[in-house]
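Whatever order the structure lists ligands and atoms in, that order sets their numbers, starting from 1. Treat the numbers as computed from the prediction; the structure is a model and nothing was measured. For the single chain, residues carry numbers from 1 onward in sequence order.
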Amino acid sequence: MIGKLIVFEGVEGGGKTTQIKLLRNWLLEKWRSGKLFSKSPDLEVVITREPGGTKVGKTLRELLLNADVSGEQIQERAELLLYAADRAQHIDTLINPSLERGAIVLCDRFIDSTIAYQGYGRGLDLPLIQQLNHIATGGLKSHLTFWLDIDVEIGLTRAKNRGKIDRMEQADIQFHQRVKKGYQELAKNNPLIVRIDANLTIEKVQQQIQEMIVQKFQQWE
Ligand code: Z5A
């Protein structure tokens, strides 16, 4: 089986980070016990995220999410371009080399975040964003995207309870509702986006993800 890019998307506090870690452990355990990927001699699972999956990306992430770093408001088009720059660097230096080695890459956010946040959330031109995404990715698409669909208020409460809130989380509730609408529209038009009910317990969310992974890996193998 060649490398696979599996992306996790959704509004804040949907549990992406939590679910990615659980999935990695489960994948490795299944592989060790020979219950999945029977034909693979070894299994590498890479966890990464956008923004901030590379050294350059970490600096961009600070700029994007921590308003105190630059001391001035990042403008919407500049924000869009910074996310694209983070992605281009990420793909060239981390994602593509990992896929070429045959790894499974579990990525916290990818191109759909730009469509949902900068497109639906900020109201920037969707065709322009699609074009920019294409430039940043060089045409790379995810093999599977889990959309962790959660009630916006529940997600924000979870994110706030976790600690310090960042620049995006401070945006008003209508902004986050528009972002959610963006994900709904994306999922309608792309069969590779799988909706997961993220309002449930951590265990139940993980169970839905694992069931889908089993189906997909049977197809891929
Ligand atoms: N952004 C953008 O605008 N454009 C782009 O192109 C890209 C990104 C790529 C990245 O922030 C920000 O960048 C993001 C969009 C923007 N906006 N914001 N903010 P980030 O990476 O720091 O944050 P995030 O991606 O939104 O993730 P998050 O807030 O850290 O949430 P999460 O990873 O989905 O959830 P979590 O950390 O796993 O869980 C949050 C808390 O809830 C934690 O305490 C868990 O223990 C708890 N939790 C998780 N699952 C459950 C369940 N099922 N029940 C109860 N409690 C739970």
**OP:** Run the numbers for me: atoms of ligand 1, each under 4.0 Å from some heavy atom of Thr18, listed by number.
**Re:** 36 (P), 38 (O), 39 (O), 45 (C), 49 (C)
Original post:
Is it the side chain, the backbone, both or neither of Arg162 that has a heavy atom closer than 4.0 Å to ligand 1?
Top reply: side chain
Original post:
With distance as the sole test, does His143 use its side chain to make a donor-acceptor pair with the main-chain N or O of Ile6 at under 3.5 Å?
Top reply: no
Subject >> Closest to atom 20 (P) of ligand 1 among Arg109, Glu9, Arg61, Arg49 (heavy-atom distance) >> reply: Arg61
**OP:** Could you tell me whether Lys188 and Glu185 make a salt bridge, using a distance below 4.0 angstrom between a side-chain N and a carboxylate O?
**Re:** yes
Original post:
Within the side chain of Arg162, is there an N or O that forms a donor-acceptor pair under 3.5 Å with the backbone of Thr157?
Top reply: no
**OP:** Go through the side-chain N and O atoms of Trp26 and Gln210 and say whether any donor and acceptor fall under 3.5 Å apart.
**Re:** yes
Original post:
If every non-hydrogen atom of Gln19 is compared with every non-hydrogen atom of Leu148, which pair is closest and at what distance?
Top reply: CG-CD1, 4.0 Å
Subject >> Basic-acidic side-chain contact under 4.0 Å: Asp149, Lys180 >> reply: yes
Original post:
Does Gly15 reach ligand 1 with a nitrogen or oxygen that is under 3.5 Å from one of the ligand's nitrogen or oxygen atoms?
Top reply: yes
Original post:
So between Tyr117, Phe8, Tyr83, whose heavy atom ends up nearest atom 8 (C) of ligand 1?
Top reply: Tyr83
Original post:
Quick one: which ligand 1 atoms are inside 4.0 Å of a heavy atom on Gly14?
Top reply: 34 (O)
**OP:** Can you spot which of Glu76, Arg77, Glu79 makes a side chain to side chain contact (heavy atoms under 4.5 Å, CB included) with Gln118?
**Re:** Glu79
Original post:
Using a heavy-atom cut-off of under 4.0 Å, does the side chain or the backbone of Asp86 touch ligand 1, or both, or neither?
Top reply: neither
**OP:** Would you mind running through ligand 1 and noting each atom that sits below 4.0 Å from a heavy atom of Glu50?
**Re:** 9 (C)
**OP:** Using the rule that two of Ile, Leu, Val, Met, Phe, Trp, Tyr join whenever any of their side-chain heavy atoms come within less than 4.5 Å, decide whether Phe217 and Leu106 are in one cluster.
**Re:** yes
Original post:
Where on Lys16 is there a heavy atom closer than 4.0 Å to ligand 1, on the side chain, on the backbone, on both, or on neither?
Top reply: both
**OP:** Report yes or no: does Arg87 contribute a side-chain atom to a donor-acceptor pair with the main-chain N or O of Phe110 at less than 3.5 Å?
**Re:** yes
Original post:
What atoms in ligand 1 come closer than 4.0 Å to a heavy atom of Thr114?
Top reply: 5 (C), 6 (O)
**OP:** Answer yes or no for Leu200: is there a heavy-atom contact with ligand 1 below 4.0 Å?
**Re:** yes
Original post:
If only atom types and distance count, is the side chain of Asn199 paired as donor or acceptor with the main-chain N or O of Asp151 below 3.5 Å?
Top reply: yes
**OP:** Any atoms of ligand 1 less than 4.0 Å from a non-hydrogen atom of Leu65? List them with their elements.
**Re:** 10 (C), 11 (O), 12 (C), 13 (O)
Original post:
Does the Glu50 side chain pair with the main chain of Tyr83, one donor and one acceptor, at a distance under 3.5 Å?
Top reply: no
**OP:** For ligand 1, note which part of Thr201 has a heavy atom under 4.0 Å away: side chain, backbone, both or neither.
**Re:** backbone
Original post:
Which part of Arg87 is near ligand 1, with near meaning a heavy atom under 4.0 Å away: side chain, backbone, both or neither?
Top reply: side chain
**OP:** Select one of side chain, backbone, both or neither to describe which atoms of His176 lie under 4.0 Å from any atom of ligand 1, heavy atoms only.
**Re:** neither
Original post:
Is there a nitrogen or oxygen of Ala198 sitting under 3.5 Å from a nitrogen or oxygen of ligand 1?
Top reply: no
**OP:** Please identify which atoms of ligand 1 are closer than 4.0 Å to at least one heavy atom of Glu12.
**Re:** 14 (C), 17 (N), 18 (N), 19 (N), 26 (O)
Subject >> Ligand-residue contact atoms, ligand 1 with Gln118, heavy atoms, under 4.0 Å >> reply: 2 (C), 3 (O), 4 (N), 5 (C), 6 (O)
